[in-house]
Amino acid sequence: MKVNQLKAGVVLGYAGMAVTNIVSLIYTPVMLRFLGKSEYGLYQMVYSVVSYLGLLNFGFNNAYLKFYSGYRKDNAQEEIRKLNGMFLTTFTALAFIAFLCGAFLSFHCGILFSDQGDASLTGTASVLCMLMTVNLALVFPTGLFEAYASAHEQYIFQKVLNITQSVLNPLLTLPLLMAGYRSVSLIIVQTFLTVCKLAVNVWFCVKRLDMRFGFRRMQICVMKEITVFSSYIFINMLVDQINWSVDKLVIGKIRGTAAVAVYALASQLNRYYMNLSTAVSSVFLPRVNRIAARQGKDMNRELTDLFCAVGRIQFLILFYILGGFVILGRYFISLWAGEGYEEVYVITLLLICPVVIPLIQNLGIEIQRAQNKHKFRSVAYLFIAAVNLLISIPLTSAFGAKGAAAGTCASLLIGNGLIMNLYNHICVKLDMIRFWRQILHLLLPGLAALCAGAVFGKYINVQSPEEFILAGALYTLLYAGLEWRFGMNDKEKRLVTGPLEKAKKRLGIFCTGTVRER
């Protein structure tokens, strides 16, 4: 059953991602038409501000998985109940603190948005801030139940729930936009869906997974240990906020909300791209914690094997998307966002190119956490994020949104490309030389497909959706053919041929049964 959950989790993860991205790609241009550049940019700025309250989570979700895995290995049911009670109490308290902070921000939005040139925007920002705060506060307790379901490897339930939320969001929002509620309608629907998601998660964990809570004699020493462990995850969260959210605030202050809208679209595409890798790696978190908990002599070899296997699959997917965007991105942006968003192409490339390295290595973050070796990464990234902020301000003044993206690009290349690879190899004991040798086998065929597609694109200027689809199909066939012949190993090929053979057998059985009935 667990193997089925694992495979289904990966498949549903990408299916959900495809549904989410397709829905969002269709929905975003419609939203831009209703809101306009300035209000959409304002919505993104407020979201960036409120998202900092999410740091109050302190990374406790990841800490829960680690400590739960240890108790479950020892079958310590009483300790698990106390752990659940302690985390529920903590998340509820953090949600209340986040609400108070958000309420304060809501009544003082003028500090951030008073210089936007339109007094009505400050009032809209205040309403958005309050509603987003309520939504964020509800997310805190939801995280506990999602972590519990993940610990039990219930990926089918989680992925189906996420897909449902992604589909319902635009379906419920569009009527409100058409009724004139504008940006406020976006967060009203999100909050409603968050309440529903929390209720479903509670029901599933309590009724189906028999989740129990103990609120008596909770061990303070365990909470201290969890806090120390989570403190470095908190620094990672702060770094992510600086890298992916603070640019919008800097751009908004220096260049205005219209420039924020341009950067936000590129950031949205970058977020889609980043999510492609987590759909694979997220389902392996319990396995990483189990391997690390055994502390055997073969632990480093097992972790390296898993690290390389997951990284190769992620690279195959990510480099294919990157190459396709390099070749066809300009036309896609013009078709998707319309006129006035030409800069989105360059900004998107500046954001997604450097993240390829951390995305194919993001399982390494969980390996560090499972071994309690994530402290150095947190401190190093905090320093690099500070450098990113410092260089982004003058770059934004000089080059606008492209300057902010360039600052983020440089900091990510230094932090992820050099520092963390050295740390993983020397301290975490992952064989990074072996990892990059394996990636090189996939990189060369991918580069060949990209270069051939770029040359082909110079002779055929894509000007219609039909030409876009044809060019994309040709690039896909070329990339798949080269990787299959020169890059992929037998295990990766079986991931493709296995489901096809099973489908063929089932189809054959179905056809045979039909013939016999006749």
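Remember, predicted model here, so these are calculated numbers, not experimental data. Heavy atoms only: backbone and side chains are in, while hydrogens, waters and symmetry mates are out.
Side-chain contact annotation: Gln44 with Lys248, donor-acceptor N/O pair under 3.5 Å present. A side-chain donor from one of Asn162 and Lys197 sits under 3.5 Å from a side-chain acceptor of the other. Side chains of Asn270 and Thr348: a donor-acceptor N/O pair is absent below 3.5 angstrom, by distance only. Side-chain contact, Ser334 with Tyr341: no donor N or O sits under 3.5 Å from an acceptor N or O. Judged purely by distance below 3.5 Å, without hydrogens or angles, the side chains of Gln268 and Tyr272 pair a donor atom with an acceptor atom. Side-chain contact annotation: Asn489 with Gln438, donor-acceptor N/O pair under 3.5 Å absent. Side chains of Thr194 and Asn135: a donor on one and an acceptor on the other come within 3.5 Å.
Counting only heavy atoms from C-beta outward, the side chains of Leu53 and Ile97 never approach each other to under 4.5 Å. The side-chain heavy atoms of Thr90 and Phe140, taken from C-beta on, include no pair separated by under 4.5 Å. No side-chain heavy atom of Val262 sits under 4.5 Å from any side-chain heavy atom of Ile251. Inter-residue side-chain proximity for Asn424 and Phe435 is flagged as unmet; no heavy-atom pair is nearer than 4.5 Å. Inter-residue side-chain proximity for Leu269 and Phe332 is flagged as met; some heavy-atom pair is nearer than 4.5 Å. Counting heavy atoms from C-beta on, the side chains of Val260 and Tyr40 never come closer than 4.5 Å. Between Asp247 and Ser392 there is a side-chain heavy-atom pair separated by less than 4.5 Å. In this structure, the side chains of Leu94 and Phe99 stay at 4.5 Å or more apart for every pair of heavy atoms.
Relative orientation of the Tyr479 and Tyr475 rings is tilted, given thresholds of 30° and 60° on the angle between their planes. Classified by interplanar angle (parallel below 30°, tilted 30° to 60°, perpendicular above 60°), the ring pair Phe87/Tyr64 is perpendicular. In this structure, Tyr148 and Tyr68 have perpendicular ring planes: the angle between them is above 60°, well past the 30° mark.
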task = Test Leu128 against Ser183 for side-chain contact (heavy atoms from CB on, under 4.5 Å), laying out the working first.
result = CA-CA 8 Å; Leu128 288 174; Ser183 57; 3.7 Å; yes
Hey, mind stepping through Gln190 and Met132 against side-chain contact (heavy atoms from CB on, under 4.5 Å) and telling me if it holds?
CA-CA 9 Å; Gln190 288 179 26; Met132 287 182 183; over 6 Å; no
Decide side-chain contact (heavy atoms from CB on, under 4.5 Å) for Thr28 and Trp336; before the verdict, give the C-alpha distance in whole Å, the side-chain angles of both, and the deciding distance to 0.1 Å. CA-CA 8 Å; Thr28 298; Trp336 176 53; 3.6 Å; yes
Please step through side-chain contact (heavy atoms from CB on, under 4.5 Å) for the pair Gln361 and Leu430, ending with a clear verdict. CA-CA 11 Å; Gln361 297 178 353; Leu430 293 173; over 6 Å; no
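Not a single side chain to side chain donor-acceptor pair (under 3.5 Å) links Tyr27 to another residue, sequence neighbours left out. By the salt bridge (charged side-chain N to carboxylate O under 4.0 Å, His left out) test, Arg434 pairs with Asp305, sequence neighbours left out.
Here the side chain of Arg255 pairs a donor or acceptor atom with the backbone of Ser397 at under 3.5 angstrom. Of the possible donor and acceptor atoms, one in the side chain of His425 sits under 3.5 Å from a partner among the backbone N and O of Met432. Remark: side-chain polar atoms of Thr133 are paired, donor with acceptor, to backbone N or O of Cys129 under 3.5 angstrom. For the pair Ser51 (side chain) and Ser48 (backbone), a donor-acceptor distance under 3.5 Å is present.
Taken to the nearest 0.5 Å, the CD1 atom of Ile352 stands 12.0 Å off from the OG atom of Ser267. The CG atom of Leu418 sits 9.0 Å away from atom CD1 of Ile384, with the distance rounded to the nearest 0.5 Å. Put simply, CZ on Phe399 and OG1 on Thr396 are 10.5 Å apart, with the number rounded to the nearest 0.5 Å. Summarising the geometry, atom CG belonging to Leu186 is positioned 5.5 Å from atom CG belonging to Leu35; distances are rounded to the nearest 0.5 Å. Within the model, atoms CD of Glu343 and CG of Leu350 stand 10.5 Å from one another, a figure rounded to the nearest 0.5 Å. Rounded to the nearest 0.5 Å, atoms NZ (Lys402) and SG (Cys409) are 14.0 Å apart.
Thr408 approaches Asn388 most closely through the heavy-atom pair N-OD1, 3.2 Å. Annotation for Ala471 and Leu328: closest pair CB-CD2, 3.8 Å, computed over non-hydrogen atoms. Across all their heavy atoms, Leu412 and Pro354 have their closest contact at CB-CB, 4.0 Å. Heavy-atom minimum distance, Phe307 versus Gly364: CE1-N, 3.5 Å. In this structure, Pro445 and Leu442 approach most closely via the heavy-atom pair CD-O, 3.4 Å. The two residues Lys429 and Thr304 come nearest to each other via the heavy atoms O-OG1, 4.0 Å.
Atom OH of Tyr47 sits in a sparse spot, with 12 or fewer heavy atoms from other residues, nucleotides or ligands closer than 6.0 Å. A 6.0 Å sphere centred on OH of Tyr423 holds more than 12 heavy atoms belonging to other residues, nucleotides or ligands. Within a 6.0 Å radius of CG in Leu422, more than 12 heavy atoms belonging to other residues, nucleotides or ligands are found.
We find that Glu342 and Arg330 are not joined by a salt bridge, their nearest charged nitrogen and carboxylate oxygen being 4.0 Å or further apart.
Separation of the Phe325 and Tyr273 ring centroids does not fall under the 6.0 Å cut-off.
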